[in-house]
Amino acid sequence: KPTKPTNLNPKTRNPQITNPQTLVVTEEWLGYIGSDPKPNNIRFASIPNVVPPERLKAIDFPGFYEAAMTKMEAPFEQLQDRLKPPVDPILGDVELMWAIGIGNRRNIPVASVWTMPAASLDK
């Protein structure tokens, strides 16, 4: 029986997904969405807040970007050791190149997704 869509990103709304999917977010974001209704086929897991808080992201976006590129990989990989069943495949933002390295080391398929609107490509 498909679950009703929630206010989550459309990538997570596919009612045809039957195996539980794990959505990994920071502890900050898990706190934001923790009490919202969620589909039964999605479990949430979190990594520590290794990036600047959301409210400060716009003040220092280069610092936020640098942290996402360099500080999220280790906590994400450590989380993989604890998740049962393990994540398979990894679906990550195209900017997070470290996800490909984790997939390669663990023999897990990885798909990179472009999360920006197509209009951002228009010059």
Side-chain angles (χ1 to χ4, degrees):
K1 174 180 171 185
T3 57
K4 289 174 51 179
T6 68
N7 63 347
L8 298 173
N9 187 310
K11 290 186 292 189
T12 63
R13 291 187 188 165
N14 186 347
Q16 297 175 3
I17 296 173
T18 55
N19 295 330
Q21 303 297 304
T22 303
L23 186 61
V24 179
V25 296
T26 61
E27 290 171 349
E28 177 186 26
W29 270 97
L30 188 59
Y32 292 150
I33 61 176
S35 62
D36 288 349
K38 297 170 192 65
N40 294 333
N41 59 347
I42 296 179
R43 67 177 173 170
F44 286 80
S46 65
I47 61 170
N49 295 323
V50 294
V51 295
E54 192 66 26
R55 63 181 166 34
L56 301 177
K57 182 167 70 171
I59 295 169
D60 181 19
F61 188 76
F64 173 85
Y65 184 84
E66 176 74 16
M69 298 303 114
T70 62
K71 295 182 179 178
M72 292 177 71
E73 179 176 6
F76 183 84
E77 188 153 23
Q78 291 164 4
L79 177 64
Q80 303 316 302
D81 294 331
R82 298 189 308 269
L83 289 175
K84 303 293 182 226
V87 170
D88 183 9
I90 295 173
L91 178 64
D93 189 286
V94 71
E95 291 286 328
L96 300 177
M97 297 300 293
W98 50 259
I100 296 169
I102 291 172
N104 286 340
R105 286 191 295 277
R106 293 172 176 264
N107 199 29
I108 300 172
V110 177
S112 294
V113 295
W114 182 265
T115 57
M116 292 185 186
S120 68
L121 301 174
D122 187 25
K123 292 186 179 200

Q) Between Ile100 and Ile108, is there a shared hydrophobic cluster once you connect ILVMFWY residues whose side-chain heavy atoms come closer than 4.5 Å? A) yes
Q) Where do Met72 and Pro75 come nearest, in terms of heavy atoms and distance? A) O-CD, 3.3 Å
Q.
To the closest 0.5 Å, what do you measure between CG (Asn41) and OG1 (Thr22)?
A. 10.5 Å
Q) How are the rings of Tyr32 and Trp29 set relative to one another: parallel (under 30°), tilted (30 to 60°) or perpendicular (over 60°)? A) perpendicular
(Q) Does atom CE (Met97) have a neighbourhood of more than 12 heavy atoms from anything else shown, all under 6.0 Å? (A) no
Q | Side chain proximity check, Pro86 to Asp88, heavy atoms < 4.5 angstrom | A | no
Q: Check Ala67 against Pro52 and note the closest heavy-atom contact, atom names and distance.
A: CB-CD, 3.9 Å
Q) Quick one: does Arg106's side chain get under 4.5 Å of Asp81's, heavy atoms only? A) yes
Q) Charged N to carboxylate O below 4.0 Å: is that the case for Glu28 and Lys57? A) no
Q: Over all heavy atoms of both residues, which pair between Gly103 and Val110 is shortest? Give the atoms and the distance, please.
A: CA-CG2, 3.5 Å
(Q) If hydrophobic clusters are built from ILVMFWY residues whose side chains come within less than 4.5 Å, do Leu56 and Val51 share one? (A) no
Q) What is the minimum heavy-atom distance between Asn49 and Glu27, and which atoms define it? A) OD1-N, 3.2 Å
(Q) Hydrophobic clustering (ILVMFWY, side-chain heavy atoms < 4.5 Å, transitive) - are Ile90 and Val113 grouped together? (A) no
Q: Examine Leu96 and Phe64 and state if one hydrophobic cluster contains both, with Ile, Leu, Val, Met, Phe, Trp and Tyr joined whenever side-chain heavy atoms are less than 4.5 Å apart.
A: yes
**Q.** Close side-chain approach of Val87 and Gln80, heavy atoms under 4.5 Å
**A.** yes
Q | Approximate separation, where rounding is to 0.5 Å, of Leu79 CG and Ile47 CD1 | A | 8.0 Å
(Q) Using modelled atom types and a 3.5 Å cut-off, is there a donor and acceptor pairing between side-chain atoms of Trp98 and backbone atoms of Ala68? (A) yes
Q | Hydrophobic cluster membership, Leu91 vs Met69, 4.5 Å side-chain cutoff | A | no
(Q) Would you say that Arg43 contacts Leu23 through its side chain, given a criterion of any heavy-atom pair below 4.5 Å between the two side chains? (A) no
**Q.** Heavy-atom closest contact (Leu30 atom, Phe44 atom, distance)
**A.** CD1-CB, 3.7 Å
